[in-house]
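To start, the structure itself, in structure tokens.
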Amino acid sequence: MLKIDNQTLQIALFALVALAMVVQAVVLLAAFLAMRKAAQLLDEKIDAMRASVHPLLESSSNLLVKLAPRIDAATDDISAIARSVRAQSAEIQVATTEIVARARSQAGRLDSMLSTQAVRVDSMLSSALDTVDRAGMMLADAVNKPVRQFSALLASVKAVIESLRATAPPSRSRGNHTPADRDMFV
């Protein structure tokens, strides 16, 4: 039997520990280099994303600058149309009231003639108001559609920026496992 003294055993154990430390240092160096390469790759991808998002932000800003005066003009036109419709409807109300008053005062012989006139005026006014209403709705749609599209564009840009700023999702907590799950290894 081979007899090993205490000092030889200690030297062998120290050599084994030193070898383990060298292996651990090599593994840590490899992990460090892999993480550094991954960080560089991530920086390149973020720079590429910024390069693609920047023109989109710039074009949307230019679009906003170009559309702002048109939107202001369209809202001014819509408010002017609304004021004009209110004024015309007030005039129509006065004219209608006057026609009804005349019709009542001359109820006998002019009754049929004025009722025919009132029906004609009523149909003309209804037609004119329907036309003004349709024109107002078309104008509102013409203004609202580009505004909705631009709002959607800005919302998408905001979502892209927020997703770039977002941190990694939080790790799952281990506290929500049942006692039976503890025995499972996955």
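Worth knowing before you read on, the calculation uses all heavy atoms, side chains too, and leaves out hydrogens, waters and symmetry mates.
Applying the side-chain contact (heavy atoms from CB on, under 4.5 Å) criterion to Glu58, with sequence neighbours excluded, gives His54, Asn62. Under the side chain to side chain donor-acceptor pair (under 3.5 Å) criterion, Ser79 pairs with Arg83, sequence neighbours left out. For Leu64, the side-chain contact (heavy atoms from CB on, under 4.5 Å) partners two or more places apart in sequence, or in a different chain, are Phe150. Remark: Gln10 engages Asn6, Phe14 in a side-chain contact (heavy atoms from CB on, under 4.5 Å) (not counting sequence neighbours). Residues satisfying the side chain to side chain donor-acceptor pair (under 3.5 Å) test with Arg36, not counting sequence neighbours, are none. The salt bridge (charged side-chain N to carboxylate O under 4.0 Å, His left out) test applied to Glu98 returns Arg102, not counting sequence neighbours.
The closest donor-acceptor contact from the side chain of Ser61 to the backbone of Leu57 lies at 3.5 Å or more, if one exists at all. Distance alone, capped at 3.5 Å, is enough to place a donor-acceptor pair between the Thr97 side chain and the Gln93 backbone.
Ile81 CD1 to Arg86 CZ: the interatomic distance, rounded to the nearest 0.5 Å, is 12.0 Å. Separation of atoms CG (Leu28) and CE (Met35) is listed at 12.5 Å; rounding is to 0.5 Å.
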Could you list the donor-acceptor pairs under 3.5 angstrom formed by side chains in residues 67-76, with sequence neighbours left out?
from	atom 1	to	atom 2	distance (Å)
Thr75	OG1	Ile71	O	3.1
Thr75	OG1	Asp72	O	2.8

Check: residues 40-52 side-chain donor-acceptor pairs under 3.5 Å, at least two apart:
from	atom 1	to	atom 2	distance (Å)
Ser52	OG	Met49	O	2.9

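Grouped with Ile11 in a hydrophobic cluster is no other residue, since no side-chain heavy-atom contact under 4.5 Å to another Ile, Leu, Val, Met, Phe, Trp or Tyr is found. Under a 4.5 Å side-chain heavy-atom criterion applied to ILVMFWY residues, the cluster that includes Leu29 comprises Phe32, Leu33 as well. With side-chain heavy atoms closer than 4.5 Å counting as contact, directly or through intermediates, the hydrophobic cluster containing Met21 also holds Val17.
A continuous path of Ile, Leu, Val, Met, Phe, Trp and Tyr side chains, each step under 4.5 Å between heavy atoms, connects Val53 with Leu63, placing both in one hydrophobic cluster.
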